[in-house]
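The block underneath contains the structure these notes are about, expressed in structure tokens.
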4 protein chains.
Amino acid sequence: MQSRTPASRTGRPRSAAADTAILAATREALVELGWSKLTLGDVATRAGVAKTTLYRRWAGKNELVVDAVAELFDELELPDRGSLAADIEGVVLQFAAILVRPEAKSGLMAVVAESTRDDALRERIRASIVERQMCLVLEGRARAQLRGELPPEPDPEESARTVDLIFDMVAGAVVHRTLVSGKAADAEWVRDFTRVLLLGLTGAAREA
Amino acid sequence: MQSRTPASRTGRPRSAAADTAILAATREALVELGWSKLTLGDVATRAGVAKTTLYRRWAGKNELVVDAVAELFDELELPDRGSLAADIEGVVLQFAAILVRPEAKSGLMAVVAESTRDDALRERIRASIVERQMCLVLEGRARAQLRGELPPEPDPEESARTVDLIFDMVAGAVVHRTLVSGKAADAEWVRDFTRVLLLGLTGAAREA
Amino acid sequence: MQSRTPASRTGRPRSAAADTAILAATREALVELGWSKLTLGDVATRAGVAKTTLYRRWAGKNELVVDAVAELFDELELPDRGSLAADIEGVVLQFAAILVRPEAKSGLMAVVAESTRDDALRERIRASIVERQMCLVLEGRARAQLRGELPPEPDPEESARTVDLIFDMVAGAVVHRTLVSGKAADAEWVRDFTRVLLLGLTGAAREA
Amino acid sequence: MQSRTPASRTGRPRSAAADTAILAATREALVELGWSKLTLGDVATRAGVAKTTLYRRWAGKNELVVDAVAELFDELELPDRGSLAADIEGVVLQFAAILVRPEAKSGLMAVVAESTRDDALRERIRASIVERQMCLVLEGRARAQLRGELPPEPDPEESARTVDLIFDMVAGAVVHRTLVSGKAADAEWVRDFTRVLLLGLTGAAREA
DNA sequence: ATCTAACCGAGACGGTACGTCAGGTCTTTCA
DNA sequence: TGAAAGACCTGACGTACCGTCTCGGTTAGAT
């Protein structure tokens with residue numbers, strides 16, 4: 001997670017319970033205070049932990065919040081709902097359900113904003129949050145190809161471009177709907193969105 | 001902009017030059033320092049203005065940055081490029097060109113993040129940034145309907161839903177591509193995106 | 001008072017009422033806020049006068065408060081009570097009565113403190129507050145000499161020294177009692193004080 | 001001194017050197033700037049200490065200056081000079097020597113002025129400055145009674161009144177001479193003052 | 001069975017920025 | 001042209017957090 005495994009074998013081991021408590025406290029503080037008013041001292045107090053313990057494990061607020069928020073996305077799954085459309089609708093609804101939770105709302109955009117000036121942070125976000133979502137896109141496409149709903153991709157390079165495009169379109173639309181427009185990504189919206197997306201994708205695939 | 005027009009006739013009037021200098025200084029500081037290290041004291045110094053003058057006009061960092069960033073979007077236009085696809089590609093490229101500028105990158109996501117806990121701020125963003133973009137979507141659709149590329153919408157309520165959807169898809173995809181994925185929304189990507197989007201929209205319109 | 005009579009005959013004349021209002025407002029603010037929390041802006045507001053008007057007439061807080069407090073000492077008198085002891089007791093009681101008023105308490109010591117680093121201010125205090133008190137000492141001694149209670153002073157230089165001494169002893173004791181010890185200079189204390197002082201003075205005069 | 005002895009045994013202990021440095025820096029700043037231009041930020045800088053450290057230990061400027069000035073009076077002693085007159089002259093000269101020092105001059109009157117509106121401050125002054133002086137008066141009287149220069153006091157209540165009176169007369173006269181009249185309390189003045197005071201006291205004692 | 005290294009809590013440390021406020025000055029409009 | 005209104009700059013205020021440090025003490029694994 002955050003530890004770079006300092007390869008120390010001797011000495012007292014770090015308390016595993018502390019990690020859990022700190023991340024939970026971070027989410028709790030995000031809900032109550034939001035990103036900008038969240039302070040590491042407060043998180044430490046909530047977690048019943050000294051501030052030094054916290055700094056020993058995370059470099060700062062950004063890294064801590066990334067880890068705390070990342071755990072929220074662990075619950076994303078892609079159960080087989082029988083069709084590509086149903087699969088997409090299912091995962092988008094799951095994704096939207098996470099985004100409306102205040103601990104995600106407050107923290108996610110903020111760390112993304114910070115990551116525009118901090119490459120290490122961006123990489124951390126990519127690895128612990130974005131990567132997981134990207135896997136779902138790949139998995140969904142593979143499943144659709146098995147079903148015959150999508151043709152097998154001819155060119156691996158173009159394939160990667162398409163996956164990137166789909167990912168940005170899906171994630172971007174849900175995030176924008178939820179956090180910028182401030183409206184719920186409810187079942188109706190998700191249905192409309194999925195229809196447009198799928199028609200576009202199949203149409204583009206037919207053209208090629 | 002920020003003034004609530006106190007309608008005072010007497011007394012020394014506010015310096016109009018100060019507003020311009022402050023907003024420019026804010027953008028300059030955003031470029032150099034980014035959102036989180038930007039301080040109002042520093043902005044005041046850069047603008048050659050007292051900190052109190054700044055606080056007299058803006059409630060805080062958030063409001064100031066919204067106004068500073070909003071000015072960047074004033075340059076968004078929708079010249080008639082002859083077809084809906086060309087119009088969309090044009091405006092998306094403009095939008096992406098703004099988003100890669102560091103003053104936008106640093107500030108925009110941050111204020112959006114803050115707005116998740118501050119309704120007044122969200123409304124300010126909507127009025128001064130989002131609204132402008134939404135107008136372009138409406139204008140582009142009207143133009144496409146005149147050209148016969150899109151059918152006139154039958155139901156005004158569904159029409160509004162569609163516009164919202166398009167807007168979230170366009171803005172969301174570009175923002176996600178640029179700020180989350182951290183890749184350029186270049187001509188090739190925009191072409192791919194536009195093709196998928198238009199096929200989806202026309203397909204959905206045909207179904208209905 | 002504070003004006004250096006710039007001998008300007010033209011223009012709108014200064015409002016005489018303003019001076020009165022400002023000094024009264026200053027005393028009022030001294031009572032409510034004390035020296036350190038008194039602000040010129042607040043005084044101006046209370047007096048119904050613009051801050052600029054105030055600065056046109058006084059150089060700053062110190063000068064203003066000196067004038068405001070000085071007016072309190074205008075009421076000091078030395079009615080003939082028939083004996084030196086009674087005269088002293090009378091004037092000391094008057095002096096103490098002024099010192100317990102909050103507008104004097106708060107302001108007097110503060111401007112004296114400031115005057116330790118500002119000779120112009122010390123001179124202003126001397127001229128408008130101390131001088132008046134010193135006159136009473138001189139007047140009282142003259143009256144006592146007429147009555148035969150004190151011998152005429154032989155040496156003018158020694159005479160001045162004695163007056164200074166008496167003045168410091170009287171004023172100092174009352175001020176210390178009231179403002180440092182924080183106890184009332186009531187009739188009993190004044191009687192005790194006067195007895196010691198007079199016995200000392202007459203004893204010293206007899207020795208010489 | 002300023003600490004309320006929170007009796008916390010854990011955590012990093014407070015730096016004892018900081019206290020010394022801060023109080024010395026305060027006196028230095030008093031000499032250079034005087035009370036009104038002294039700022040806590042400047043004191044912190046001079047002491048090589050953070051402003052927060054300063055605020056952690058003292059509630060504000062007043063409390064800090066009281067402690068800084070109080071240390072000046074630690075050097076007051078009452079060596080046995082053989083007679084009451086000599087004892088008084090000695091201590092008064094010591095007292096005057098402290099009062100002419102600019103760090104005392106600037107600070108003492110100012111905190112007394114502030115104390116007229118702040119009972120906690122008055123008590124702090126009493127405990128750390130006035131009390132010490134009062135002890136000298138008591139000690140001097142006891143010594144004089146041993147020598148037979150003063151009669152033993154018959155009534156404890158009247159005794160306390162007399163001590164208070166003497167204290168206000170001595171301290172008040174010296175302070176007034178030095179800070180209000182702005183003249184030196186030199187050997188000659190002290191001799192004159194002591195003669196008058198002693199004649200008054202012995203005369204009053206004889207009467208009783 | 002005791003080292004001993006790394007952990008833990010508490011909290012003081014030097015700093016930076018905050019948002020407010022007062023001191024003075026300057027620039028309007030009004031009377 | 002003075003007075004009122006109020007915006008302006010300067011700079012101190014007291015607070016909150018930052019990230020680091022120094023404590024006294026605890027908890028394992030290694031000797």
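Just so it is clear: chains get the letters A, B, ... in the order the sequence lines come, proteins before strands, and each one is counted from 1. Given the structure is predicted, the values throughout are model-derived calculations rather than measurements.
- A heavy-atom distance below 4.0 Å to DNA chain E is reached by these residues of residues 28-42 of chain B, ordered by number: B:T39, B:L40, B:G41.
- Listed for the B:R117 side chain is a donor-acceptor partner under 3.5 Å among the backbone atoms of A:V31.
- Rounded to whole Å, the distance from CG on D:N62 to C1' on F:dC13 is 14 Å.
- Checked against side-chain hydrogen bond (donor to acceptor under 3.5 Å, both in side chains), A:R46 has the following partners two or more places apart in sequence or in another chain: A:E28, A:E32, A:D42.
- By the side-chain hydrogen bond (donor to acceptor under 3.5 Å, both in side chains) test, C:E63 pairs with no residue at all, sequence neighbours left out.
- The distance from atom CZ of C:R57 to atom C1' of E:dG24 is 18 Å, rounded to the nearest whole Å.
- F:dT22 atom C1' lies 5 Å from atom CZ of D:R12, rounded to whole Å.
- Side chain of B:K61 to backbone of B:W35: a donor-acceptor contact under 3.5 angstrom is found.
- Computed from coordinates, the A:R14 CZ to E:dG9 C1' distance equals 16 Å when rounded to whole Å.
- Taking 4.0 angstrom as the limit, C:R56 places none of its side-chain polar atoms (N or O) nearer than this to OP1 or OP2 of F:dA4.
- Nearest-nucleotide mapping onto DNA chain E: of B:A59 and B:G11, the residue sitting toward the 5' end is B:A59.
- Looking at residues 46-54 of chain C, you'll see C:G48, C:V49, C:A50, C:T52, C:T53 sit with a heavy atom under 4.0 Å from some atom of DNA chain F.
- With sequence neighbours left out, A:T53 forms a side-chain hydrogen bond (donor to acceptor under 3.5 Å, both in side chains) with no residue at all.
- Straight-line distance from the CG atom of B:D19 to the P atom of F:dC8: 9 Å, rounded to whole Å.
- Not counting sequence neighbours, A:R56 has no partner by the side-chain hydrogen bond (donor to acceptor under 3.5 Å, both in side chains) test.
- With values rounded to the nearest 0.5 angstrom, A:T116 atom OG1 is found 10.0 Å from B:L108 atom CG.
- Residue D:Y55 places its side chain closer to F:dC13 than to any other of F:dC8, F:dC13, E:dG11.
- Salt-bridge check for B:D118 with B:R124: failed, with every basic side-chain N at 4.0 Å or more from each acidic carboxylate O.
- A salt bridge links B:E71 to B:R27: at least one charged side-chain nitrogen sits closer than 4.0 Å to a carboxylate oxygen.
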